[in-house]
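Reminder, nothing fancy here: chain letters follow the sequence lines and each chain counts from 1.
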Number of protein chains: 2
Amino acid sequence: MSPEEPDEARSTRPPRLSRQRIVDAGLASIEAHGVDQMTMRSLGRDLGVEAMALYRYVSGREDLLEAVVESLLDGLIKRVEAAETTSWQEYLQHVAHEIRHMALAHPTAFPLVVSRHPAAPWLRPPLRDIAMVEHLLATLCERGFSDDQAVDTYKAFTSFLVGSLLLEVSTKTENVAAVEEPMNEGSADIPEQDTVEDVDLGQAPHVVRMRDRLSQDHSEAEFETGLESLLNRIENTVSH
Amino acid sequence: MSPEEPDEARSTRPPRLSRQRIVDAGLASIEAHGVDQMTMRSLGRDLGVEAMALYRYVSGREDLLEAVVESLLDGLIKRVEAAETTSWQEYLQHVAHEIRHMALAHPTAFPLVVSRHPAAPWLRPPLRDIAMVEHLLATLCERGFSDDQAVDTYKAFTSFLVGSLLLEVSTKTENVAAVEEPMNEGSADIPEQDTVEDVDLGQAPHVVRMRDRLSQDHSEAEFETGLESLLNRIENTVSH
DNA sequence: ACCTGAACACCGTTCAAGT
DNA sequence: ACCTGAACACCGTTCAAGT
């Protein structure tokens with residue numbers, strides 16, 4: 001915190017614009033207020049600059065969102081390599097946990113990783129960059145997978161990750177950009193109904209009885225169980 | 001096609017506005033040009049009316065999108081009941097196939113079913129309305145599931161559907177609203193590179209070798225395999 | 001070199017006014 | 001009752017102009 005620092009750490013007037021700073025601010029804004037609220041103009045405001053200045057570093061809003069998605073996958077390969085896993089099971093488990101960690105750290109941005117079209121049609125979210133796919137396929141082949149088995153595993157693995165994690169983060173964000181309830185212009189003698197809770201629930205005794213259970217969060221255990229089941233299934237096809 | 005018809009089937013000037021007609025036109029527009037292009041103003045144009053007229057029938061764009069999602073699940077319960085399945089395996093299989101059919105019929109709209117926040121936090125896409133969840137839980141309990149087992153099955157089943165179908169329709173839409181490639185202002189002596197194909201691919205020998213395999217579509221078989229595996233897994237926990 | 005001001009072509013939405 | 005015109009407060013994006 002020496003005053004000699006080129007006002008790098010000053011919060012009043014940030015140092016200078018750069019693609020990295022814009023992407024970081026974009027991600028922060030998304031997590032704070034939701035994707036829709038992350039606007040070129042609001043992002044400019046966050047960075048103490050007019051919106052038009054951003055176009056020196058990103059070619060548009062779409063490019064920025066793409067860069068945010070890429071930044072979420074940044075460093076994944078390095079961390080996976082550092083783990084030095086010895087079996088393919090251990091390898092896939094490590095990748096799965098890394099991705100889950102990322103998703104939980106950025107629950108609002110994670111759906112972008114899934115829903116934005118990857119660069120090539122054969123890339124599957126959330127493992128949607130070539131380097132990561134290469135690493136995964138190479139590792140599986142090293143461990144004795146045939147090409148077909150490696151590709152099938154890539155597809156099943158990505159489907160599992162998307163299904164588990166998208167629904168898990170969905171319960172965790174719930175509504176980052178709060179939605180106002182619009183008044184329904186119905187007759188005034190019907191009393192307010194807070195949400196769905198009282199509306200259809202009379203016709204749904206099982207839902208009522210299991211509502212607590214439905215709300216309970218066992219997502220970690222479910223993730224682990226599903227992952228093990230997937231690995232077992234792969235194991236059976238690979239040693240048939 | 002008798003001229004006595006109250007110009008119901010005329011294409012030149014459609015009969016009258018109604019919520020149903022708006023929702024149908026909205027879905028059609030989404031499938032034709034993508035969600036972003038489905039704008040209140042363009043939808044008015046499609047219906048031969050000013051955008052402001054729509055607000056008599058939908059409270060806003062969000063309400064319209066919500067109604068489109070609901071319309072996609074319409075009739076699902078009735079069709080499932082009509083099938084009169086005898087085992088819970090057959091039941092879940094039938095539901096799964098119905099949902100897959102819907103997803104493939106509306107590949108551009110299906111991501112909305114997944115990504116929009118359901119009415120209650122314990123509802124999980126794509127089985128996101130109470131009546132459907134009630135039906136599923138009731139059926140499983142009839143077949144001998146405990147409450148816990150029914151809820152666990154609901155969660156695993158929805159995760160499976162989301163993961164499989166979201167990635168399947170993703171490969172099938174690819175870019176409904178075509179994205180223009182922005183010129184990169186780099187030096188002119190570097191020749192054009194069509195897409196990712198040539199960029200990083202030098203460093204990715206496994207990807208190159210398996211590229212055809214990665215592009216091949218076996219989604220139906222993968223869906224069936226994954227579904228059977230899931231049912232087996234449930235079967236094991238239910239008869240432990 | 002880096003940022004700004006002004007402008008353009010869009011949005012969603014409200015509301016008084018028309019028929 | 002049903003739709004329209006005009007208006008408001010926003011967007012993303014371009015481009016000449018400032019420093």
- Which residues pass the salt bridge (charged side-chain N to carboxylate O under 4.0 Å, His left out) test with B/Asp217, sequence neighbours left out? B/Lys172

- Query: When every nucleotide of nucleotides 13-19 of chain C is labelled 5' to 3' by its protein contacts under 4.0 Å (heavy atoms), B for base, S for sugar-phosphate only, - for none, what sequence of letters results?
  - Reply: BB-----

- Item | Atom pair distance, as rounded to whole Å: CG in A/Leu43 and C1' in D/dC11 | 14 Å

- Nucleotide D/dT4, atom C1' - distance to CD of B/Glu50 in whole Å: 6 Å

- Message: Run the salt bridge (charged side-chain N to carboxylate O under 4.0 Å, His left out) test against A/Glu134 and tell me which residues pass, sequence neighbours left out.
- Response: none

- Intra- and inter-strand pairing of DNA chain C, written as dot-bracket with Watson-Crick and G-U pairs under 3.5 Å and | for the latter, reads ||.|||||...|||||.||

- Message: Does B/Asp24 form a side-chain hydrogen bond (donor to acceptor under 3.5 Å, both in side chains) with B/Gln20? I'd like the steps, not just the answer.
- Response: CA-CA 6 Å; B/Asp24 291 348; B/Gln20 187 62 56; 3.0 Å; yes

- Would you mind reading off the distance between B/Asp36 atom CG and C/dC10 atom P, rounded to a whole angstrom? 16 Å

- Item | Nucleotide D/dG12, atom P - distance to CG of A/Leu64 in whole Å | 10 Å

- Note on the structure: Closest to the side chain of B/Arg45, out of C/dC3, C/dC11, C/dT4, is C/dC11

- Task: Rounded to the nearest angstrom, tell me the gap between atom CG in B/Leu47 and atom P in D/dC2.
- Result: 16 Å

- Task: Might you confirm whether atom NE2 of A/His33 has over 12 heavy atoms from other residues, nucleotides or ligands at distances under 6.0 Å?
- Result: no

- Note on the structure: Closest non-hydrogen contact found for B/Ile99 with B/Leu73 is CD1-CD1, 4.1 Å

- Message: Is it true that, when you exclude A/His101 itself, more than 12 heavy atoms of the residues, nucleotides or ligands shown sit nearer than 6.0 Å to its NE2?
- Response: no

- Task: Considering just the side-chain nitrogens and oxygens of A/Thr39, establish if one lies under 4.0 Å of OP1 or OP2 belonging to D/dC10.
- Result: no

- Which residues share a salt bridge (charged side-chain N to carboxylate O under 4.0 Å, His left out) with B/Arg19, sequence neighbours left out: B/Asp63

- Item | d(CD, A/Gln37; P, C/dC11) in whole Å | 19 Å

- For B/Arg213, salt bridge (charged side-chain N to carboxylate O under 4.0 Å, His left out) partners two or more places apart: A/Asp147, A/Asp148

- Of the non-hydrogen atoms in A/Arg61 and A/Val35, which two are nearest, and what is the gap between them? NH2-O, 2.9 Å

